[in-house]
Structures are given as structure tokens and as C-alpha cells.
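Just below is one structure, and these are the notes that go with it.
We name chains A, B, ... by the order of the sequence lines, and we start the count at 1 in each one. A quick note: this is a predicted structure, and the numbers were derived from the prediction, not measured.
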Amino acid sequence: MRELEKYYDGLKTEKEMREYWRENKIYDFVYDKNKPLYSIDTPPPTVSGSLHIGHIFSYTQAEMIARYRRMRGYNVFYPFGFDDNGLPSERLVEKETGVKAYNLPRSEFNKMCMETVKKYEDEFKELWQAMGFSCDWNLQYATISPNTQKLSQKSFIELAKNNRAYIKESPVLWCTECQTSIAQAELDSKDIDSCFYHINFGLGDSVLEIATTRPELLYSVVCIFVNPNDERYKKLFAGRGDPGAPPKVKVPLYNFEVPLLTDEKVAIDKGTGAVMCATFGDSTDVEWTEQHNLEYKKAIMPYGKISDEAEFIAGLRIKAARKEIVRLLEENNLIVKSENISHAVSVHERCGTEVEIIPSRQWYIDVMSKKEELLKAGDKIKWYPEHMKNRYVNWVENLKWDWCISRQRYFGIPIPVWYCEKCETPVFAEIENLPINPIETKYTGVCSCGCAEFIPDKAVFDTWATSSITPQLNLDTAKKYGIEEKDFMPMSMRTQAHEIIRTWAFYTIAKSLYHTNQIPWFDAMICGFVLAKPGEKISKSKGNAKFSPQELIKQYSADSLRYYAATARLGTDMYFDIQEMQDSSKRLITKLWNSSKFVLSHLEDFDPKYKPEKILPVDRWIIERTNEAILESVKWLDEYEIGMARKVADDLFWKDLCDNYIEIVKERLYQPEKHGYEERKSAQYAIYYCLFNILKIYAIYIPHETEYIYLNGLKDFAGEISIHLTEWEKPAEIDSKILEFGDILKQAISDMRKYKTENNLSMRAEIDEAVIKAKPEFKAWLIETEKDFTACSHAKKIAYEF
RNA sequence: GGGAGCUUAGCUCAGUUGGUAGAGCAUAUGCCUUACAAGCAUAGGGUCAUCGGUUCGACCCCGGUAGCUCCCACCA
């Protein structure tokens, strides 16, 4: 057995340990049918730029769970993936190269995307490896890979054939900057400064004042609404009967007439209580258009300009059009007043552009009619922390649109569909031909209408439409290891941050429900964010990501970052304090090193197979404390509370083992001639058990250091080639009597130390008497401990108060 | 406007069956102790946001209020 060096060199050691793990394939997935399976659905990071410390922390927390389960005897299926297709990646490429996707041939742009994505993936992978992640890279997947494309297209075709997915020409959320349809989940809200214009519309010989923030949409006004209970307008409807011809309102400038209708949705106290319904100003306009069966006019074109049909403003961009209309209205004295307001508008989360609603033909997945089933599925999943389920429920209940899955973009998975040139009926690719790009491959069949000419769909899928099948991607990999679907689905656990409950979690649940009629995973582990300060997310754009994760690892070591990342409470945001990280981690890592050094130096002649006939009471105490801590850690980790489990380990290690137990048995270990050889063996047995098990708990947090200590001190005793392949003890019931006995000893030591400190004495100073207060039932154990206690207190005499 | 979380020592936070308030950091004082001065010991420091209720007893359970944070809605 080798001895540990005087100081621990984390940076050097970590590299060596990772090399050791690689060489010995420590984390390679092996499916042992005698062990239960624990599968983790890890977020494939979006390849949209470099990762920051926030990503690192939440991934690390989940990684600790993987390690924990492995050491509890599970087959841990822990794959990693990259979400490398879609708009985020496209935007990254556009930003890095300065090109715009629509200015290039699609194949050329996609090639650029592949190159960029590859570069970042290598960077990501290196980073995860530098953090000591125990995933098996043989299980890796990428959402742009051919196999993923196949599964994603297959998922779509199945849903379309089961009428869960459908194509429809209808108003859709549209980003004029990215020039694509988007889904409700991609909306952000932003407060913007705007102007509320009160405009005079014509009403017979009189006028009707209507307030709007979007005068540029006057051309597309299809009717005016007032609330039926609004006293101001009731008289306008009097005597017209029902159904009567509604009053007509004349739109200014354009001078066409639209009906005046009533709807309960109109807020009486907003503006003048009369609202213009344009196609489309907002989502309420869409609802009204459907409910009241209104016509629609195309006002805004997909590229963000006003339609050619609109007089005065044709071809102008939206903001310019607004300006021009306002100018014309003012010129004609049609504006009664205008008030500056700040109001919330929906913007596209990726680019911040105000979202429009324009009619377009898109593919959707039905979620609106399945809300109840989706909510039930949410109930079946165990959410950690529990209250995170609220976000899911809240989202499902407030859904307004079916999930639009087609995007008019380039770097994504093609929609495997062609349309009949004559009747526009969609035809689907054959499953065995997937993956397929309909632009490159012709459809060879004949349409039911007899036509044989087909037009390919040029759109691609929403990124989430693919990343929502990660359980299926994982299953596909698992099958290669001989795991059957019934043993794999639902997966054990999904881990993710709370910000993507409405996207990733929701979509995955929906797809799982539609494909398999069951939940995708049993547990959802929802991590919090790492914030720079309250309310401020870490991001490059805010410039508060002072250090890159790579730099932090290089400077402070992965174990330091990992130990600190384990401070967080599950689901709760934490603030990253570099000083605190450095101090607390370094302290623990050093302490663990020094105490291990001490323990190992007393194990030269130790034989783990030999259990001393008599284990002394104080040794039984630290063994039992260790067992207690293991059980408590298990309890916390089963609930994904890694921070609480770490605290349990810290308390045992620091307070009980280092501060008290080692101080008590030190002399017994050094001087068997004074304390007895069998007594020394008892202590050896206890320190070995305690250190090994503490290392096993810490192994999930600081895998490098614990492995190094294990390899250089404990491996010869334990046999396994890595501490990460050992299993945690499974202690039976805890003996509380012996724990109580430990508390008595600790109290006595504390009293003794207090006395010495108050008298400015060294801890080694001799004192006349040390006093132990205890119940009489502990008398026998105390007598057995007297030699130890005398040694650690340096008291001439031990007095007892029973 | 609806919902969730938080409010405990100067700072960061624990406190999971309701029974005398805890840790780390910081501060002060002392201690070279056969692992560790990259250490150890001891101490000071809290009307547990606030008001009310239940209870023999409340940081904990219930209700109200305030502040902070987040999610959702608000887009005429």
C-alpha cells in the first residue's frame, strides 16, 4: 500500500483519474439482468452557444443521482445527447458567420450548421468529461443524426395516421424576423412602449370612437365589437331584433363598412369600450373570427411587410406602416387623442421580435382536445419538488393553440410529406424508407384523385418535436443491450430545469401518451437555476458570466465545482459565489485528504476479513453513526435532495469522525502497547468502515479525490478496481442506545475543551479531572472507554456523575 | 388578474411527525494538539417578516397582511 502525499493536487489527480476511468471502462453501460434498471432521460443541451456555469450545475446535480444509483446496485442507463438541429443552432451559425439562411442554398447552409454544431459538441463533450461525468458516451445521441431523423419522422407519421397530427390552413403565430411559424411555448412576454390611438370611425351620420394600438391594421378590420352589457352602446342595437341586421361602422381612410357586433369578452372599461377586430391583431381576434364566422383579410406578409392589397401602406414594414397611417389619420383629423402606454406584447423567445398572427398552412399536433388526459398523465408522474407540477398543470390548462410543429426553416428534420399537385392531399413516406428528405426524393405513388405529380413539403420540424422523443431515442439504444421495451418504459427519471417544463416536459409527456398511452418516466427531477444575483440569470449577453466553466475547472478543479453545486436545494435557484465555492470546497477536499492520510497510516497491518471479537463501545458508536448517516443520505437522495444528503455526510465526517472520534482513539491506534493490541484492531476496524463509507458517499460528489484515495489506500482491502463500482452498505436498524452513548462522550469532550480554552490552555495540557455526566445505564461502556477518554483529555482522573 | 416559492444570526442557508433556535462564512479570544495552521477549540450574535387563530405548548399547523422571486394570463 502506498501512502498519500502530503498535499493533494486536485488538478493533476483529476486528469489521472479520468484517464484511469477511461482505460478501465468504469462507466461503460453493462446490462446485468440480476440488477434493477435505472434509466435517466438527460436533457440534450441545445447547441446554441457556449455553456455557462448554470448549465454545469444542474447537469452535475443529475449526474450525482446517476452515481448514487450506480452505487446502490442499479444498472444505470445514463446516456448523453445533443439537441443540435433547429432554430437555436441556425441562429448560432447566422451569428457566427454573418450569413442569413435564406440567402444560401439550403444544402450549403446545412453544411455550415453541421460544422458549427460539431465544433460545439466537441466542446460540450470535453466539458462534461472535465467535470467527471459518469455517462457512457457509447450511448450518445444527436437530434440531427439519421437515426434520430428516422425516429422523429416515424413518430410524426404515426401521429398523423392516428389523427393526432393534422395539417390546417389557419391563423398561426408567426415570427417575421425568423420567418417561420412558432408555437405558443416559444412566446415570451415583453413590456414595450406604445401609443393608444383613439380614432373616429363612421357610424351613420355620427362617429364612433375606437381605441387601438395598431392603426396599421385598419385595412384588415372585419368588425367592431362592444360588450352587450355596455349601456353606452345598447341603444344602437335597440329595435333591431335578433337576428337583426347589425349596425354598420365605416372604417376611416378606407371607407368600407363592417358590422358592429357584441361579445362578452370586450372589456367595458378599456379604451372606449369599442374594439376593432382585425385579422389578426392578437389571439382574441382569432377566437372572434372563428366564433363569429368572420372573413379574414391578409394584412401582414410572412416577411413582415404589409400586403399589396392594403392601400396607402402596401409594402411597408409594420412600424413604418403604423407611422404612415397615423400621419394620414392626423391629416384628416380622425385621431381624437393618443396616449402613451406601456403594454405587454408577445415576442419570439429566440429573437425578441413581436409576434404576428398570419394565416398559413401548417402541421399541428392536437393537444387542445386532450387536456384532461395530459393533466392525468401529469398526476401520475412524481415531481420533485412536488410543487413544480403546478407549472405543468398551469401550462396545460392555459393552452390556447394546438402544437404547431412545422417550421419554415432549414436546419432541421424534414417533414416526410408530399402534396398532390391537384388536390393538395398529403401523402406520407413509407416507414422503411425513413429518414427521407422529400425535397431530394420524389414520391412515386399516385394520388387518390389520379394525379401523379407531387410537391414536397419544404418545412422542417420544430426542434421540440424531435427532442420530445428522447425516451424513444434512449429505448432504441437500450435495445442494443438486450433491454426490452417493457422493462425500459417508462424510464426511471427525467431531469431538467424548471424553465422548460412547458416545452420539453410537456411535449415529451404528450408524445409518450399518444404513442404508448403511458407516462414517459416515473419521476421528474426539476433543478433550479444558478443566478448571478437575485432575479438575474447568468448569460453572456448580460456579461455576468465572468468565468467560463472551462476556466473555472482549470483553476479550481472539477471536484470543487461539483461539491459546491451540491449545495443547492432541488428546484431552488441559487447564487453563484466564487469565493464561497472556493473556500468551502477546498476546505472539505483538504480535510478529507488529511483525515484519509491519518486513517490509512494506521491500516498497514489491517485485515478487513478479520473482525475483532470485541468491538469497543466508542468504536461501535462511530460505526453506528456511519450507518445512520448512510440511511439518512439514502432517504434524501431517493428524493433527489443531493444537498441534504451532502449535509448528512458533512456532519458525520467533520464533526463526529474528525473532531471527536479520531481524537478519542488516536492514542489507542498509536500505542497498542499501552491500550492493547486487540483494542487497536477494534479501532482499525471502525476507522476503516467509517472512512470507506464516508468516501462512498462523497464519491458521488467528489469522484476524483475519493477515487484517488480509494486506489491508493483501500483498493487492496476492498478488491474492486474503482470506488465507483463498489456499493453502499445497507445497514439494518440503528441502535439508538449506542448513539446516545456517543452524545454523552461528545458532551464530555466539549466540556473539557471549553475548560481548557477558557483557561488559555493547550488541548494537550494536563488537567486534574475530567467529568462525565451520564445515566447509570452507560456505566459499563464508560468504564470501557476510560482509557481512551483519559488519553484525549489528558486528565489525571475521570470523575463520573450518574 | 390567477398560481407557486421564499422571508430564520452581519452574509449564505439548514431546521420532514408541534416539545429549550442550527451550520458554514464573517467577528472576537485562545491553542504549534505524534492527519490537517490549507488546522483546532471556545465565545458573542436571532421578538424565526408581520398580525391573528388552533394547542398545555407554534419557526413548524390554519387564516390575514407586507416585501422579494418565479410561472401563467394581460397585447383591442
Side-chain angles (χ1 to χ4, degrees), chain A residues 4 6-8 187 189-192 194 196-197 210-214 217 221 224-225 265-267 270-278 281-285 288 341 343-347 354-355 385-395 397-400 498-499 501-502 528-529 531 534-536 567-569 571-575 577 579-580 583-584 586-602 635-636 639 641 643-644 647 650-651 654-655 658-659 662-663 666-667 669-671 749-750 752-765 792 794:
Chain A
L4 300 179
K6 182 155 174 66
Y7 294 114
Y8 175 67
L187 295 180
S189 187
K190 196 162 93 179
D191 280 321
I192 59 153
S194 183
F196 211 21
Y197 300 98
I210 298 173
T212 181
T213 55
R214 304 207 57 180
L217 292 180
V221 170
I224 306 298
F225 281 108
K265 263 205 143 83
V266 179
K270 200 160 188 172
T272 63
V275 47
M276 62 182 224
C277 175
D282 65 15
S283 62
T284 316
D285 288 346
W288 279 334
I341 56 163
H343 71 155
V345 295
S346 289
V347 297
E354 288 172 48
V355 164
E386 217 181 331
H387 66 84
M388 284 297 174
K389 191 176 104 177
N390 292 327
R391 300 206 182 185
Y392 173 80
V393 171
N394 197 346
W395 179 253
E397 284 175 346
N398 286 304
L399 278 170
K400 270 193 191 163
H498 54 64
E499 62 168 346
I501 289 176
R502 71 179 193 178
F529 279 139
L531 304 175
E536 191 172 312
T567 314
R569 196 172 163 192
T572 306
D573 298 340
M574 70 179 284
Y575 314 124
D577 183 330
Q579 194 61 44
E580 203 185 304
D583 291 349
S584 64
K586 191 167 157 195
R587 201 171 99 95
L588 188 276
I589 287 168
T590 304
K591 189 76 175 175
L592 191 59
W593 182 256
N594 286 322
S595 53
S596 298
K597 210 162 57 179
F598 171 82
V599 170
L600 294 179
S601 72
H602 289 282
K635 190 190 113 210
W636 287 120
E639 294 177 27
E641 290 287 359
M644 298 305 292
K647 191 177 152 49
D650 287 345
D651 283 349
W654 213 290
K655 293 198 166 58
C658 294
D659 292 349
I662 287 181
E663 293 301 327
K666 220 178 219 178
E667 197 184 83
L669 285 163
Y670 277 114
Q671 301 177 28
I749 290 173
S750 171
M752 177 270 291
R753 285 171 175 162
K754 187 172 176 175
Y755 173 82
K756 288 190 179 175
T757 299
E758 280 173 355
N759 292 283
N760 292 354
L761 291 170
S762 153
M763 283 303 139
R764 210 175 53 165
C792 108
H794 297 95

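In this view, His602(A) and Phe598(A), Tyr670(A) satisfy the ring-ring contact (aromatic ring centres under 6.0 Å, His included) rule, not counting sequence neighbours. In this view, His387(A) and Pro385(A), Asn390(A) satisfy the side chain to side chain contact (heavy atoms under 4.5 Å, CB included) rule, not counting sequence neighbours. Listed by chain and number, the residues in a salt bridge (charged side-chain N to carboxylate O under 4.0 Å, His left out) with Lys597(A) amount to none (sequence neighbours excluded). The salt bridge (charged side-chain N to carboxylate O under 4.0 Å, His left out) test applied to Glu639(A) returns no partner, not counting sequence neighbours. Judged as a side chain to side chain donor-acceptor pair (under 3.5 Å), and not counting sequence neighbours, Trp593(A) has no contacts. Checked against side chain to side chain contact (heavy atoms under 4.5 Å, CB included), Thr212(A) has the following partners two or more places apart in sequence or in another chain: Ile199(A), Arg214(A), Pro215(A), Met276(A). Scanning for ring-ring contact (aromatic ring centres under 6.0 Å, His included) contacts around Phe225(A) gives Trp288(A), His292(A), with sequence neighbours left out. Residues meeting the salt bridge (charged side-chain N to carboxylate O under 4.0 Å, His left out) test with Lys655(A), sequence neighbours left out: Asp651(A). Every residue two or more places apart in sequence or in another chain was checked for a side chain to side chain donor-acceptor pair (under 3.5 Å) with Lys591(A), and none qualifies.
Only the C1' atoms considered, G15(B) is 10 Å distant from A23(B), to the nearest whole Å. On the C1' atoms, G24(B) is 15 Å away from G45(B), given to the nearest whole Å. Distance noted for atom C1' between U50(B) and C59(B): 14 Å (whole Å). When the C1' atom is used for both A28(B) and G10(B), the distance is 14 Å, rounded to whole Å. For the P atom pair drawn from C13(B) and A21(B), the interatomic distance equals 23 Å after rounding to whole Å. On the P atoms, G46(B) is 13 Å away from C11(B), given to the nearest whole Å. Between the C1' atoms of U8(B) and G22(B), the separation comes to 10 Å (whole Å). To the nearest whole angstrom, the two C1' atoms, one in A26(B) and one in G1(B), are 44 Å apart.
One can place OH of Tyr575(A) at 10 Å from C1' of U12(B), the figure rounded to the nearest angstrom. Computed from coordinates, the Arg569(A) CZ to A4(B) P distance equals 17 Å when rounded to whole Å. Whole-Å rounding puts the Glu663(A) CD to C36(B) P distance at 11 Å. If you measure from atom CG of Asp573(A) to atom C1' of U69(B), you get 8 Å, rounded to the nearest angstrom. Across the protein-nucleic acid pair, Tyr7(A) atom OH and G39(B) atom P stand 11 Å apart, rounded to whole Å. One interatomic measurement links the two molecules: CD1 of Ile749(A) to C1' of U42(B), which rounds to 15 Å at whole-angstrom precision. Summarising the geometry, the separation between NZ on Lys6(A) and C1' on G39(B) is reported as 11 Å, rounded to the nearest angstrom. A straight line from CZ of Phe529(A) to P of C70(B) spans 10 Å, rounded to a whole angstrom.
Of the two residues contacting RNA chain B, namely Lys666(A) and Asp651(A), the nearest-nucleotide position lying further toward the 5' end is that of Asp651(A).
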Would you tabulate the pairs of protein nitrogen or oxygen atoms and nucleotide nitrogen or oxygen atoms of nucleotides 71-76 of chain B closer than 3.5 angstrom?
residue: C72(B); atom: OP1; partner: Arg502(A); partner atom: NE; Å: 3.3
residue: C72(B); atom: OP1; partner: Arg502(A); partner atom: NH1; Å: 2.4
residue: C72(B); atom: O2'; partner: Asn398(A); partner atom: ND2; Å: 2.9
residue: C74(B); atom: OP1; partner: Lys400(A); partner atom: NZ; Å: 2.5
residue: C74(B); atom: N4; partner: Ser189(A); partner atom: OG; Å: 2.5
residue: C75(B); atom: O4'; partner: Ala344(A); partner atom: O; Å: 3.0
residue: C75(B); atom: O3'; partner: His343(A); partner atom: ND1; Å: 3.2
residue: C75(B); atom: N1; partner: Ala344(A); partner atom: O; Å: 3.3
residue: C75(B); atom: O2; partner: Ser346(A); partner atom: N; Å: 3.4
residue: C75(B); atom: N3; partner: Ser346(A); partner atom: N; Å: 3.1
residue: C75(B); atom: N3; partner: Ser346(A); partner atom: OG; Å: 2.9
residue: C75(B); atom: N4; partner: Ser346(A); partner atom: OG; Å: 2.3
residue: A76(B); atom: OP1; partner: Thr213(A); partner atom: OG1; Å: 2.1
residue: A76(B); atom: OP1; partner: His343(A); partner atom: ND1; Å: 3.1
residue: A76(B); atom: OP2; partner: His343(A); partner atom: ND1; Å: 3.0
residue: A76(B); atom: O3'; partner: Ala211(A); partner atom: O; Å: 3.1
residue: A76(B); atom: O3'; partner: Thr212(A); partner atom: N; Å: 3.4
residue: A76(B); atom: O3'; partner: Thr212(A); partner atom: OG1; Å: 3.1
residue: A76(B); atom: O3'; partner: Thr213(A); partner atom: N; Å: 2.9
residue: A76(B); atom: O2'; partner: Ala211(A); partner atom: O; Å: 3.2
residue: A76(B); atom: N7; partner: Lys270(A); partner atom: NZ; Å: 3.2
residue: A76(B); atom: N1; partner: Ala267(A); partner atom: N; Å: 3.1

Once base and sugar-phosphate atoms are separated, protein heavy atoms under 4.0 Å mark nucleotides 24-30 of chain B, 5' to 3', with B, S and - as SS----S

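For Arg764(A) and C32(B), the shortest distance from a side-chain N or O to OP1 or OP2 is not below 4.0 Å. When the side-chain nitrogen and oxygen atoms of Lys754(A) are compared with OP1 and OP2 of A43(B), one or more of them lie within a distance under 4.0 Å.
Across all strands, Cys658(A) comes closer than 4.0 Å to base atoms (heavy-atom distances). Contacts of Thr590(A) with the nucleic acid, taken as non-hydrogen atoms under 4.0 Å apart, include base atoms. As judged by a 4.0 angstrom heavy-atom cut-off over every strand, Met644(A) is placed among residues touching the sugar-phosphate backbone only. Lys591(A) comes within contact range of at least one nucleobase, with a heavy-atom separation under 4.0 Å. No contact: Glu354(A) has no heavy atom under 4.0 Å from any strand. When heavy atoms are screened at a 4.0 angstrom cut-off, Glu641(A) is found touching no nucleic acid atom at all.
Remark: side-chain polar atoms of Lys756(A) are not paired, donor with acceptor, to backbone N or O of Leu761(A) under 3.5 angstrom. No donor-acceptor pair closer than 3.5 Å links the side chain of Thr590(A) to the backbone N or O of Arg587(A).
Stem regions for RNA chain B, each three or more consecutive Watson-Crick or G-U pairs with both distances under 3.5 Å and listed by first number, read B:1-7 with B:66-72, B:10-13 with B:22-25, B:27-31 with B:39-43, B:49-53 with B:61-65.
A heavy-atom distance below 4.5 Å is not found between the side chains of Val275(A) and Lys270(A).
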Verify side-chain contact (heavy atoms from CB on, under 4.5 Å) between His343(A) and Asp191(A), making sure each step is shown before the conclusion.
CA-CA 5 Å; His343(A) 71 155; Asp191(A) 280 321; 5.8 Å; no

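Side-chain atoms of Gln579(A) and base atoms of U12(B) include no donor and acceptor less than 3.5 Å apart.
Using a cutoff of 4.0 Å between basic side-chain nitrogens and carboxylate oxygens, Glu663(A) and Lys666(A) are scored as salt-bridged.
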